[in-house]
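Below you'll find the structure, written out as structure tokens, and then a few comments.
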Amino acid sequence: MKHIRILFIAVAAAIIVGCGTSRTVPITGRKQSLLVSDEQVLSLSNQEYTKYMQSATKSADATSTAMVQRVGQRLATAVQNYLTAAGMASELSQYSWEFNLVKDNSVNAFCMPGGKIVVYEGLLPVTQDESSLAIVLGHEIAHAVAKHSAEQMSKQIKQQYGTQILGGVLSAAGVGQTGASIAQIIVQNGLQFRNLKYSRDHETEADHMGLIFAAMAGYDPQVAIPFWQRMAAQSGNTNQNDMFSDHPSDAKRIAALQKIMPEALQYYNAATGKTTTTTTTKSTPKTTKTVSVSSLTKKR
């Protein structure tokens with residue numbers, strides 16, 4: 001009997017792993033396994049986004065609204081060009097980019113799967129300029145491109161499967177119950193995409209990818225450091241931001257961004273035709289070599 005139970009757990013675990021799809025995250029090259037389809041996630045994401053925008057108040061600041069849309073579209077174009085050059089053009093159909101500025105004093109922004117991005121007015125005094133706004137929007141776009149929502153949902157599904165396996169539920173439920181479990185978790189997350197908590201690893205990955213996306217679009221990635229210093233300075237206010245759930249500390253975030261700055265500057269130099277230098281507290285200034293996006297793509 002014990003051997004049968006062990007065999008059952010092994011088979012069920014194989015089903016969990018086998019029913020998913022494997023994918024490589026752009027820029028970082030990390031391998032990920034997804035148990036939910038793009039169609040399932042995007043359908044619910046679009047529904048949630050529509051409901052949110054019906055309840056939200058769009059900003060009356062025409063100038064700032066135009067800036068958010070201009071920076072967002074410039075980033076989206078750079079991302080689309082990169083994915084095409086990287087042989088991932090098939091993924092472009094998943095995105096229907098939209099950028100909105102809403103009337104809300106929170107220091108916040110969010111991106112739903114599929115490229116629906118919302119910026120709160122309260123964020124703009126901290127970003128201060130287009131380049132810093134590009135750092136934030138790049139980070140949000142990165143969550144969508146890296147499919148972090150689908151990955152978090154897949155993680156929950158695996159956890160739920162684990163509970164079912166230990167309880168012997170799947171022995172009688174079969175595929176029907178498996179499908180029901182997926183549907184249940186998708187619906188639950190579909191109602192809270194805006195509040196979905198990402199892991200620290202996902203936040204760090206989005207920082208990395210977002211910095212590169214901003215650089216690809218021709219925005220100086222070095223503005224990310226003073227931006228995060230401003231974010232750290234204001235975090236003690238009563239109106240605290242919750243833009244990056246489960247995020248690493250500001251000091252760790254800044255240190256990680258400084259570490260990948262030379263890589264980001266290569267993309268920036270390629271996009272702008274400039275040769276930009278960067279400095280750190282531990283080394284002398286180093287000039288990065290200007291390279292093309294296509295050549296960088298080939299290295300990955």
Looking only at heavy atoms, which two atoms of [X] and [Y] are closest? And how far apart?
X: Ala146; Y: Met209; value: CB-SD, 3.9 Å
X: Ser132; Y: Thr127; value: CB-O, 3.0 Å
X: Arg230; Y: Val126; value: NE-O, 2.7 Å
X: Leu123; Y: Ala109; value: CD2-CB, 4.0 Å
X: Phe99; Y: Gln73; value: CE1-N, 3.7 Å
X: Leu257; Y: Asp207; value: CD2-O, 3.9 Å

For residues [X] and [Y], determine if any side-chain heavy atom of one lies less than 4.5 Å from a side-chain heavy atom of the other.
X: Val68; Y: Asn100; answer: no
X: Lys58; Y: Thr65; answer: no
X: Gln222; Y: Tyr268; answer: no
X: Ser43; Y: Glu39; answer: no
X: Trp97; Y: Leu75; answer: no
X: Tyr95; Y: Val145; answer: yes

Between [X] and [Y] (side chain of the first, backbone of the second, donor and acceptor by atom type, cut-off under 3.5 Å), is there such a pair?
X: Ser154; Y: Leu35; result: yes
X: Ser149; Y: Pro113; result: no
X: Lys116; Y: Phe110; result: no
X: Asp220; Y: Val223; result: no
X: Ser45; Y: Val41; result: no
X: Arg30; Y: Val25; result: no
X: Thr204; Y: Arg200; result: yes

Quiz prompt | Residue pair Glu98, Tyr49: steps toward the side chain to side chain donor-acceptor pair (under 3.5 Å) verdict | solution = CA-CA 10 Å; Glu98 189 171 331; Tyr49 176 74; 3.0 Å; yes
Exercise. Let me see the working for Val118 and Met53 under side chain to side chain contact (heavy atoms under 4.5 Å, CB included), right down to the final yes or no.
Key: CA-CA 9 Å; Val118 173; Met53 290 308 301; 4.0 Å; yes
Quiz item: Are the charged groups of Glu91 and Arg23 less than 4.0 angstrom apart, N to O?
Solution: yes
Quiz prompt | Worked check of side chain to side chain contact (heavy atoms under 4.5 Å, CB included) between Leu124 and Met67 | solution = CA-CA 10 Å; Leu124 299 185; Met67 175 181 66; 4.1 Å; yes
Quiz prompt | Name of the residue among Thr84, Thr77, Leu83, Val79 meeting side-chain contact (heavy atoms from CB on, under 4.5 Å) with Asn81 | solution = Thr77
Exercise. Start with the C-alpha distance between Tyr219 and Val71, add both sets of side-chain angles, then the distance that settles side chain to side chain contact (heavy atoms under 4.5 Å, CB included), and finish with yes or no.
Key: CA-CA 9 Å; Tyr219 293 106; Val71 174; 3.6 Å; yes
Exercise. Show your working on side chain to side chain donor-acceptor pair (under 3.5 Å) between Asp104 and Ser106 and close with a plain yes or no.
Key: CA-CA 6 Å; Asp104 192 310; Ser106 302; 2.8 Å; yes
Self-check item: Mutual orientation of the aromatic rings belonging to Tyr120 and Tyr52 [parallel < 30°, tilted 30-60°, perpendicular > 60°]
Solution: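 Parallel.
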Quiz prompt | Aromatic ring pairing His139/His143, orientation class (parallel under 30°, perpendicular over 60°, tilted between) | solution =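 Taking His143 first and then His139, their aromatic rings stand perpendicular (interplane angle over 60°).
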Quiz item: By side chain to side chain donor-acceptor pair (under 3.5 Å), which residues pair with Ser64, not counting sequence neighbours?
Solution: Asp61
Exercise. Please step through side chain to side chain contact (heavy atoms under 4.5 Å, CB included) for the pair Met231 and Arg253, ending with a clear verdict.
Key: CA-CA 11 Å; Met231 285 288 286; Arg253 171 166 260 150; over 6 Å; no
Practice problem: Check the pair Lys31, Thr24 against side chain to side chain donor-acceptor pair (under 3.5 Å), reporting the backbone distance first and the verdict last. | Solution: CA-CA 5 Å; Lys31 302 295 183 181; Thr24 300; 2.7 Å; yes
